[in-house]
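Take a look at the structure below.
Residue numbers begin at 1 in each chain, while the letters A, B, ... track the order of the sequences. Values below: all heavy atoms of this structure, side chains included; hydrogens, waters and symmetry mates excluded.
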2 protein chains.
Amino acid sequence: MKKQGEDILKNSALSVTASRKRILEIFLDADNALAHQDIETKCADQYDRVTIYRTLQTFLEKGIIHNIPSTDNMVRYALCNDACITTGHHNDNHVHFRCDACGKTVCLDDVNIPPVNLPKGYTMKEINMVVNGICKSCK
Amino acid sequence: MKKQGEDILKNSALSVTASRKRILEIFLDADNALAHQDIETKCADQYDRVTIYRTLQTFLEKGIIHNIPSTDNMVRYALCNDACITTGHHNDNHVHFRCDACGKTVCLDDVNIPPVNLPKGYTMKEINMVVNGICKSCK
DNA sequence: ATTAAGAATGCAACTTTGTTGCAAAAGTAT
DNA sequence: ATACTTTTGCAACAAAGTTGCATTCTTAAT
Ligand SMILES: [Mn+2]
Ligand SMILES: [Mn+2]
Ligand SMILES: [Zn+2]
Ligand SMILES: [Zn+2]
């Protein structure tokens, strides 16, 4: 244990650097999805803003994190499950929930996105579902 | 006709101004959802950037337009159906589609978002579904 | 039609967010 | 230990979004 972050990096064929380990740690510690801003607040004193941008980008491409769409211009990120890391492509078909009270966005890992039928001629590649409301901590 | 935009404004108890009419016209003419940027391109020479921000904000609040979440930090906007304007609150439970080829985002007005069961303790207020893929024009 | 009150707009100044090129530093493989 | 490659930090910049305030435009009442 304690080297979980390092393992993720190695499994993704990424070199192990201090900033990557730290940012992974932040995700592993978090119980909700994080915006760039959140991460910056937690470690901008240690690492450059640009590094955070680039690290998130890298993590996305490697299937370490996935992003969650939003209507507030604050894309949030959360750790993927192992399947994304091992297969190398994203496989996150769970619903996301944004609480209007506490503002937290979480992955509902057990709630699968229900199938939907598109009109003729449309091909589906990815699908995203975000629900707003009140979370169980705030109710 | 030709005063459709004006009607919308009056029905929403908004004063009728040149910029609001113009921005509504842009939406009425568009066959896809528009980002702030798209609107700016079409009329920044006539109206100030700030006015566009404020107008979109106002339209959102009045239920004239709704926004579509995204993972690219470019929230897009589309006209609501009449129900939103008359009831004053949003009622847009259709699926949105983003084409990876042409980049256009459209409302699939006939495709309803399928129901989903949340875990105990969560209360749903709004729901958003965005599908990515290839649209019928690009296939 | 005038006018007075309120609302919307434009402008300027500013903050925040995101991007790019390049030199220095750190990581990896031999 | 060394050479090679990747990552980082910095600086400079560009784009996006916000705020306060003076001016202009709308609306509704006279
Ligand atoms: Mn998730
Ligand atoms: Mn729509
Ligand atoms: Zn909550
Ligand atoms: Zn298309």
Side-chain angles (χ1 to χ4, degrees), chain A residues 3 5-27 33-62 64-65 67-77 103 105, chain B residues 3 5-27 33-65 67-77 88 103 105:
Chain A
K3 56 198 288 281
E6 224 172 295
D7 292 339
I8 293 175
L9 292 171
K10 283 177 179 158
N11 288 338
S12 304
L14 289 175
S15 44
V16 178
T17 67
S19 54
R20 284 175 179 168
K21 277 193 289 185
R22 175 77 185 105
I23 292 176
L24 267 181
E25 189 182 281
I26 292 173
F27 275 112
L34 302 171
H36 171 95
Q37 158 109 254
D38 299 321
I39 297 167
E40 206 175 309
T41 313
K42 287 187 205 287
C43 68
D45 44 330
Q46 324 175 51
Y47 305 106
D48 195 80
R49 234 157 46 82
V50 179
T51 300
I52 300 175
Y53 280 111
R54 295 197 268 225
T55 302
L56 290 174
Q57 189 53 42
T58 304
F59 285 1
L60 266 182
E61 285 161 3
K62 292 289 185 173
I64 296 175
I65 57 176
N67 50 18
I68 302 164
S70 78
T71 51
D72 65 353
N73 281 328
M74 295 258 295
V75 178
R76 287 167 183 83
Y77 306 88
T105 299
Chain B
K3 56 196 287 284
E6 224 173 294
D7 291 340
I8 294 174
L9 292 172
K10 283 176 179 158
N11 287 338
S12 304
L14 290 174
S15 45
V16 178
T17 68
S19 54
R20 285 176 178 169
K21 277 193 288 185
R22 176 75 185 106
I23 292 175
L24 267 181
E25 189 181 281
I26 292 174
F27 275 111
L34 302 171
H36 171 94
Q37 157 107 257
D38 299 321
I39 296 166
E40 204 176 310
T41 312
K42 287 187 205 287
C43 69
D45 46 328
Q46 322 175 52
Y47 304 107
D48 194 79
R49 235 157 45 81
V50 178
T51 300
I52 300 176
Y53 281 112
R54 294 196 267 225
T55 302
L56 290 175
Q57 188 54 42
T58 304
F59 285 1
L60 267 181
E61 284 161 4
K62 291 290 185 172
I64 295 174
I65 58 177
N67 50 16
I68 301 164
S70 80
T71 51
D72 65 353
N73 282 330
M74 295 259 293
V75 178
R76 287 167 183 82
Y77 305 88
T105 299

Is the shortest heavy-atom distance from the side chain of A:Ile65 to the side chain of A:Leu34 under 4.5 Å?
-> no
Whole-Å distance separating the CD1 atom of A:Ile52 from the C1' atom of C:dG18 = 13 Å
Considering all heavy atoms, the nearest A:Val75-B:Ser70 contact = CG2-O, 4.1 Å
Test side chain to side chain contact (heavy atoms under 4.5 Å, CB included) applied to B:Arg54 - qualifying residues, sequence neighbours left out | B:Val50
Contact pattern, 5' to 3', of nucleotides 15-27 of chain D - B, S or - by protein heavy atom under 4.0 Å | -SBBBB-----SS
For B:Gln37, what residues pass the side chain to side chain donor-acceptor pair (under 3.5 Å) criterion, not counting sequence neighbours?
-> none
Return the angle between end axes of the helix from C:dA1-D:dT30 to C:dT30-D:dA1, with five pairs used per end and rounding to 10°.
-> 40°
B:Asp72 CG to C:dT19 P: how many Å, rounded?
-> 11 Å
Distance in angstrom units between A:Tyr77 OH and C:dG18 C1', rounded | 11 Å
Quickly, which of B:Leu14, B:Val16, B:Ile64 forms a side-chain contact (heavy atoms from CB on, under 4.5 Å) with B:Ile8? Name it, please.
-> B:Ile64
In whole angstroms, how far is the C1' atom of C:dT17 from the CG atom of A:Asp48?
-> 14 Å
Using the side chain to side chain donor-acceptor pair (under 3.5 Å) rule, collect all pairs that involve residues 38-50 of chain B, keeping only residues at least two apart or in two chains.
-> B:His36-B:Glu40
Can you check the B:Arg20 CZ to C:dG10 P distance for me, whole Å?
-> 11 Å
Atom of B:Phe27, atom of B:Tyr77 and distance for their closest heavy-atom approach | CE2-O, 3.2 Å
Taking atom C1' of C:dT9 as reference, at what distance in whole Å does atom CZ of B:Arg22 sit?
-> 17 Å
Could you list the residues that satisfy salt bridge (Lys or Arg N to Asp or Glu O under 4.0 Å) with A:Asp72, not counting sequence neighbours?
-> A:Arg76, A:Arg98
Checking all strands, does B:Thr58 fall into the base, sugar-phosphate, or nothing category for heavy-atom contacts under 4.0 angstrom?
-> nothing
Short N-O contact, A:Lys10 and A:Glu6, less than 4.0 angstrom = yes
Rounded to whole Å, CD of B:Gln57 lies from P of C:dA8 at a distance of 13 Å
In whole angstroms, the gap separating C1' of C:dT19 from CG of A:Leu56 amounts to 15 Å
